[in-house]
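Please read these numbers as outputs of a predicted model, since none were measured by experiment.
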Amino acid sequence: MDDVLARIPLDAIRVFETTARLNSFTRAAQDLGMTQAAVSWRIRDLEQRLGVPLFLRETPQVSLTAEGQGLASAAPEALGLLRRAA
């Protein structure tokens, strides 16, 4: 059985959640204290690891694909549980 979470760095989920919430790589970068290029790279890496696109890149905003919407609905709760546990 393949554990998909073994392939995904936790930081990638944090970057994804922020980008999905703000609908912008640039605003996510500002919120996270990263460059826009770093956010873009992290999202592209996550998409490659999962094998699906998570965002439709439409300047100046991005929008979630169906797969991205599924992950975006679970990510805040998962990160919240980890924050409370830590």
Side-chain angles (χ1 to χ4, degrees):
M1 181 180 277
D2 182 33
D3 180 6
V4 69
L5 291 179
R7 294 184 274 139
I8 302 172
L10 180 58
D11 185 57
I13 299 299
R14 185 175 66 92
V15 171
F16 168 79
E17 187 276 330
T18 303
T19 306
R21 180 170 35 86
L22 298 174
N23 292 317
S24 168
F25 285 26
T26 301
R27 288 187 302 196
Q30 292 167 344
D31 191 67
L32 295 166
M34 302 170 70
T35 65
Q36 186 274 338
V39 168
S40 181
W41 182 88
R42 193 49 130 173
I43 296 296
R44 183 145 331 266
D45 180 61
L46 178 60
E47 290 173 325
Q48 288 176 348
R49 289 171 186 265
L50 293 174
V52 296
L54 299 171
F55 290 97
L56 299 173
R57 279 112 169 126
E58 303 164 345
T59 306
Q61 289 189 321
V62 294
S63 59
L64 292 165
T65 62
E67 294 85 356
Q69 289 174 2
L71 186 57
S73 69
E77 182 180 357
L79 290 172
L81 287 169
L82 289 170
R83 282 185 186 103
R84 287 190 294 280

Q: With sequence neighbours left out, what residues match R21 under side chain to side chain donor-acceptor pair (under 3.5 Å)?
A: E17
Q: Would you compute the distance between atom CG of N23 and atom CG of L64 and round it to the nearest 0.5 angstrom?
A: 6.5 Å
Q: Using residues 26-40 as the side-chain source, report each donor-acceptor pair under 3.5 Å to any protein atom, sequence neighbours left out, with the distance given to one decimal.
A:
residue: R27; atom: NE; partner: L22; partner atom: O; Å: 3.4
residue: R27; atom: NH2; partner: L22; partner atom: O; Å: 2.3
residue: T35; atom: OG1; partner: A38; partner atom: N; Å: 3.0

Q: For R42 and P9, which heavy atoms make the closest approach, and how far apart are they?
A: NH1-CG, 3.8 Å
Q: Could you grab the distance from atom CD1 of I13 to atom CD1 of I8, nearest 0.5 Å is fine?
A: 5.0 Å
Q: Check residues 68-83 and write down every donor-acceptor pair under 3.5 Å in which the side-chain atom is one partner and the other belongs to a residue at least two apart or another chain.
A:
residue: S73; atom: OG; partner: G70; partner atom: O; Å: 2.8

Q: Restricting to pairs with a member in residues 57-86, which pass ring-ring contact (aromatic ring centres under 6.0 Å, His included), not counting sequence neighbours?
A: none
Q: Strictly by salt bridge (charged side-chain N to carboxylate O under 4.0 Å, His left out), give each pair with a member in residues 46-55 just once, sequence neighbours left out.
A: D45-R49, E47-R57
Q: Membership question, hydrophobic clusters at under 4.5 Å side-chain separation (ILVMFWY): are V62 and V52 in the same one?
A: yes
Q: Applying ring pair (Phe, Tyr, Trp, His ring centres under 6.0 Å), can you list everything that pairs with F55, at least two apart in sequence or on another chain?
A: F16, F25
